[in-house]
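Letters A, B, ... are given to chains in the order of the sequence lines, protein chains preceding strands, and every chain is numbered from 1.
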2 protein chains.
Amino acid sequence: MHANVKQNVVPLITPGLKVACSQCNLRELCLPFGLSDNDMSRLDHLIGGGRKLKRGQHLYRAGDRFESIFAVRAGFFKTDVLTEDGRDQVTGFQMAGEILGMDGISTEAHTCNAVALEDSEVCLIPFVELEMLSSEIHSLQHHLHKVMSREIVRDHGVMMLLGTMRAEERLAAFLLNLSQRFSARGYSPAEFHLRMTREEIGSYLGLKLETVSRAFSRFQEEGLISVQQKHVRIVDIPGLKALLAPPDGRIG
Amino acid sequence: MHANVKQNVVPLITPGLKVACSQCNLRELCLPFGLSDNDMSRLDHLIGGGRKLKRGQHLYRAGDRFESIFAVRAGFFKTDVLTEDGRDQVTGFQMAGEILGMDGISTEAHTCNAVALEDSEVCLIPFVELEMLSSEIHSLQHHLHKVMSREIVRDHGVMMLLGTMRAEERLAAFLLNLSQRFSARGYSPAEFHLRMTREEIGSYLGLKLETVSRAFSRFQEEGLISVQQKHVRIVDIPGLKALLAPPDGRIG
DNA sequence: GTATCCCTTTGATATTTGTCAATGCAACCA
DNA sequence: TGGTTGCATTGACAAATATCAAAGGGATAC
């Protein structure tokens, strides 16, 4: 299966796309976090160059042999898991500075698909070499562990969302999460462009696209956001946050 | 918060409970997997001894300082995340050979609670020392990464379950997963004792306890299982598996 | 040994979300 | 620039699950 070799070979590593970690404005969000200049330059040598992807292209597919993890340099990705019986679950959306592909370590093969939702760029980080270097640079090793652990904690947050929240709470949590991540990257926390469709949001949130659309409309009616297609402006951040409280706080 | 110091101090490390990895019948399921005899004995020296917990006791709580990960030697645990607004999500159930506590690496503090669901025993694995040793023993380092990655993949499976499955599908998947894990440990895949309540199952599966109970009853009516309280016997494993197919296979 | 408490089961009803269907909007391609 | 196509919105209705309520069963503690 996944013998889609041609399609996978098209977006080759782009020579000359290499940007040193030490020069990268994402380094504080990314793998080099906390490294000394010297250690960072050792990491530079390991990064296998970059790769550009057009919107819609796969960075990897479930079943692909695992060789590298990836750092998003620019753009926007989704990851999703597809089962034999046709279920499709979006497991995350990744933006600049975030690490993709750690699911592949356990079985030496990727277990999900990663797709660019807009034209994007990633850095390739060959994993065998990363392990070798991280056994020499303790802070790199520890930071790698933190990145993996953070992914586990993030996943727990998604479980919480899927397991305990209602449709509007899920969407509110989703928008606040995006807002916070855009903000951390120097973009407006209040106004942004959604790269994904209602269906992809729905898949991530465990909802049908119509439910997502209705929740957007309702938020707009209530003056919490202003939304037109993929353009979102959050008008009332505290109001959105208040939606996440109710479980027993529904006294009023 | 979580100033429950007394309660946490009670279950001290039990001296003399130490069992060498090399002597442990769980080693093929656990962290020592794939190590040479020599490397395993180095790991032995690092394991900080064991700890016994009575049913209901916490192994750690959200907010506790992170120092070790834990390997379940015997017994059964649940982990759950509690939010300020009162939501409670069970994120997993852990049995012998499984590793607990990796959520704590990212922030140096545990982010969830781990509770023994029956009298249990764990091995303490001090994380700083594990990192030191794993930078010397490549296969240990790599296996640690695999264990963390496996946790990420497992979490994706739970997301799939919560995001795409209906109540009975979730319970079927849950039972089959338990069955498979018991089987891997030499227990019957068909007959076992649930250590958790309907409410805990419900929390894990994103359902209310009544819905879980009704699904159990329905499986029994249909001759898929036989269930009385916490005792479960799976009568028709293929039948349960068939429940997981339908998304478009509902042609018949 | 017995009483208590928690867990489980089951029923009736309410709420939420999904499904089906139609229409509208926007971007993209020719 | 006009048509086509995919995405989004909205409505009416159906299905799934939650909620509320009551009663039974087991395990545990005293």
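Residue contacts shown for B/L207 are limited to sugar-phosphate atoms, with no base heavy atom under 4.0 Å away. No contact: B/G202 has no heavy atom under 4.0 Å from any strand.
By the 30° and 60° cut-offs, the orientation of the rings of B/F76 relative to B/F182 is parallel.
Residues that satisfy the salt bridge (charged side-chain N to carboxylate O under 4.0 Å, His left out) test with A/D119, not counting sequence neighbours, are A/K54. Checked against salt bridge (charged side-chain N to carboxylate O under 4.0 Å, His left out), A/R154 has the following partners two or more places apart in sequence or in another chain: A/E151. Evaluation of the salt bridge (charged side-chain N to carboxylate O under 4.0 Å, His left out) rule for A/R214 yields no partner, not counting sequence neighbours. Every residue was checked against the side chain to side chain contact (heavy atoms under 4.5 Å, CB included) condition with B/N25, not counting sequence neighbours, and none meets it. Applying the salt bridge (charged side-chain N to carboxylate O under 4.0 Å, His left out) test to B/R181 and every residue at least two apart in sequence or in another chain returns B/E98. Checked against ring-ring contact (aromatic ring centres under 6.0 Å, His included), B/F216 has no partners two or more places apart in sequence or in another chain.
Overall, the helix from C/dG1-D/dC30 to C/dA30-D/dT1 carries an axis bend of 50° between its ends, with five pairs at each end and the value rounded to 10°.
For the pair B/K230 and C/dC7, the criterion of a side-chain N or O lying under 4.0 Å from OP1 or OP2 is not met.
Judged by closest nucleotide on DNA chain D, A/V227 is the one of B/T211 and A/V227 placed further toward the 5' end.
In this structure, the CG atom of A/L162 is 15 Å from the P atom of D/dT17, given to the nearest Å. Atoms CG (A/L209) and P (C/dT23) sit 18 Å apart, rounded to a whole Å. Taking atom CD of residue A/E169 and atom P of nucleotide C/dT16, one finds them 10 Å apart after rounding to whole Å. Rounded to a whole Å, the CD1 atom of A/I225 is 9 Å from the P atom of D/dT9. If you measure from atom NZ of A/K208 to atom P of C/dC20, you get 10 Å, rounded to the nearest angstrom.
Within residues 213-222 of chain A, the residues approaching DNA chain D are A/S213, A/R214, A/S217, by heavy-atom distance under 4.0 Å. Of the residues in residues 191-200 of chain A, A/T197, A/R198 come within less than 4.0 Å of DNA chain D through at least one heavy atom, sorted by number.
Atom CZ of A/R55 has 12 or fewer heavy atoms from other residues, nucleotides or ligands within 6.0 Å.
When side chains are defined from C-beta on, B/Y204 counts as touching B/F174, because their heavy atoms get closer than 4.5 Å.
Residue pairs meeting the salt bridge (charged side-chain N to carboxylate O under 4.0 Å, His left out) criterion with at least one member in residues 219-231 of chain B, sequence neighbours excluded: B/R218-B/E222. Contacts classified as salt bridge (charged side-chain N to carboxylate O under 4.0 Å, His left out) and involving residues 190-200 of chain B (residues at least two apart or in different chains) are given here: B/K78-B/E200, B/E118-B/R195.
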Identify the pairs formed between an N or O of the protein and an N or O of nucleotides 21-30 of chain D at a distance under 3.5 Å, and give each distance.
| from | atom 1 | to | atom 2 | distance (Å) |
| --- | --- | --- | --- | --- |
| D/dG26 | OP1 | B/Q228 | NE2 | 3.4 |
| D/dT28 | OP1 | B/R55 | NH2 | 3.3 |

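Checking each of B/L175, B/L194, B/V232 against B/V227 for a side-chain contact (heavy atoms from CB on, under 4.5 Å) leaves exactly one that passes, namely B/V232. No option in A/T111, A/T79, A/T91 other than A/T111 meets the side chain to side chain donor-acceptor pair (under 3.5 Å) test with A/D103.
Here A/L243 contributes atom CG and A/L224 contributes atom CG; the two are 6.0 Å apart, rounded to the nearest 0.5 Å.
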